[in-house]
Amino acid sequence: EGYRLQFNATGFGFGVTSRPFYVQNTVPDYPFVSNFDEMRPWAMADRPLEVQPRVSVRDRFGNAVVFDDIPDRRVVTRILTLTGQLPTPPGSPPAPGQAPESICTVWPNLLEGTAVVPVNLETGEGTFTDLAVRHVMQGYKLEFEMATSVGTLYANSTVFGVLPGNAIGICGMHQPSRCSDMGQCRDRAVIACVDAYGNVQPTCA
């Protein structure tokens, strides 16, 4: 029902209560990741993030900015690293005998899922539901961007790493070479277990 103010006359034993009223947020001041403390330090390459981010913008009093002049507000996310360098798939073709775009090649997409979500008109919050990071590495973070009436505001998630998913096959990482009929190949074959996105799974689990 909103707020009410109650006024009491000291010493007279009576008072009066105001009609209900509502308080709206002031202008946007800073972005806020609502479940910042719940985000995990590690994610699995073959699964969505266990804790999906919820992002809002707050005014200077900490209220979620539910009312703003920007129509159709949205939250956009992108992935960053502490060093600024993102992992890139190698440009060389797969080893002989390995089909292109098989599990024996690095998955082309680093961040997958819906990277742009609408802001809920009742809560002022944008909720991601299916973000997943496919390349194994440490030092990732998500950057969130939201357009507001005072300009574009940015926030970052906590830093996290990605571990390989469950092994689903084996790949020849290096083919034998420099072989002769006089002895063993000088460069031996290297076989590894990989997950569905081409990440090496050391335990083959």
Side-chain angles (χ1 to χ4, degrees), residues 1-8 15-89 107-162 197:
E1 293 184 357
Y3 291 106
R4 296 171 185 264
L5 292 176
Q6 182 172 346
F7 305 93
N8 295 308
V16 65
T17 301
S18 74
R19 293 180 178 179
F21 62 94
Y22 301 87
V23 176
Q24 295 185 357
N25 55 265
T26 59
V27 297
D29 188 65
Y30 63 94
F32 181 73
V33 182
S34 305
N35 52 350
F36 187 89
D37 295 333
E38 300 174 24
M39 298 189 71
R40 304 291 189 261
W42 294 98
M44 306 301 293
D46 59 353
R47 305 171 204 167
L49 298 180
E50 185 176 345
V51 176
Q52 295 286 329
R54 302 195 311 270
V55 184
S56 63
V57 170
R58 302 296 176 97
D59 65 16
R60 66 191 182 98
F61 301 105
N63 302 301
V65 178
V66 178
F67 303 97
D68 199 7
D69 295 334
I70 300 293
D72 300 323
R73 288 186 297 156
R74 301 180 186 281
V75 184
V76 181
T77 189
R78 63 181 60 86
I79 194 160
L80 306 173
T81 66
L82 293 178
T83 63
Q85 297 292 323
L86 293 175
T88 54
W107 193 253
N109 303 322
L110 173 56
L111 178 65
E112 292 191 325
T114 305
V116 182
V117 297
V119 173
N120 185 291
L121 297 179
E122 295 183 358
T123 65
E125 199 168 62
T127 301
F128 295 88
T129 59
D130 59 355
L131 295 178
V133 183
R134 301 306 189 191
H135 295 180
V136 170
M137 200 177 86
Q138 298 183 33
Y140 287 120
K141 59 183 177 179
L142 294 171
E143 180 185 69
F144 306 101
E145 171 187 321
M146 184 187 291
T148 73
S149 56
V150 297
T152 303
L153 300 178
Y154 298 89
N156 289 333
S157 73
T158 52
V159 177
F160 64 96
V162 173
Y197 300 94

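- One finds the CE atom of Met146 at 11.5 Å from the CZ atom of Arg74 (value rounded to the nearest 0.5 Å).
- The closest donor-acceptor contact from the side chain of Asn35 to the backbone of Gln52 lies under 3.5 Å.
- Proximity of Arg60 to Tyr30: side-chain heavy atoms (C-beta onward) are nowhere separated by under 4.5 Å.
- Proximity of Val66 to Asn25: side-chain heavy atoms (C-beta onward) are separated by under 4.5 Å at one or more points.
- Of the possible donor and acceptor atoms, none in the side chain of Thr81 sits under 3.5 Å from a partner among the backbone N and O of Tyr140.
- Under a cut-off of 6.0 angstrom, the local environment of CG in Leu82 is crowded, with over 12 non-hydrogen atoms contributed by other residues, nucleotides or ligands.
- Distance check, rounded to the nearest 0.5 Å: NZ of Lys141 to CE of Met39 gives 12.5 Å.
- Put simply, the side chain of Val55 reaches to within 4.5 Å of the side chain of Phe128, judged on heavy atoms.
- Using a 4.5 Å cut-off on side-chain heavy atoms (C-beta onward), His135 and Trp107 make contact.
- Annotation: Glu112, atom CD; neighbour count of heavy atoms from other residues, nucleotides and ligands within 6.0 Å is above 12.
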Let me check something: any side-chain donor-acceptor pairs from residues 154-161 under 3.5 Å, sequence neighbours excluded? List them with distances.
{"from": "Ser157", "atom 1": "OG", "to": "Leu142", "atom 2": "N", "distance (Å)": "2.9"}

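- Between Phe144 and Pro53 the shortest side-chain heavy-atom distance falls below 4.5 Å.
- Annotation: side chain of Ser34 is in contact with side chain of Glu125 (closest heavy-atom distance under 4.5 Å).
- Contacts of Phe32 classified as ring pair (Phe, Tyr, Trp, His ring centres under 6.0 Å), with partners at least two apart in sequence or in another chain: none.
- One distance of note links CG of Asn120 with CZ of Arg73; it measures 9.5 Å at 0.5 Å rounding.
- The shortest distance between side-chain heavy atoms of Met137 and Val162 does not fall below 4.5 Å.
- Across every non-hydrogen atom of Val65 and Asp68, the tightest pair is CG1-CB, 4.0 Å.
- Side-chain contact, Asp69 with Ser149: no donor N or O sits under 3.5 Å from an acceptor N or O.
- Across all non-hydrogen atoms, the minimal contact from Thr148 to Leu153 is CG2-CD1, 4.0 Å.
- Within the 4.5 Å cutoff, no side-chain heavy atoms of Thr26 are placed close to those of Asn63.
- Counting all heavy atoms, side chain and backbone alike, Ala45 lies closest to Arg134 at O-NH1, 2.8 Å.
- Checking Ser56 against Arg58 by side-chain atom types alone, a donor-acceptor pair falls below 3.5 Å.
- For the residue pair Thr17 and Gln6, the shortest heavy atom distance occurs at OG1-CG, 3.8 Å.
- Residues satisfying the salt bridge (Lys or Arg N to Asp or Glu O under 4.0 Å) criterion with Arg40, sequence neighbours excluded, are Glu50.
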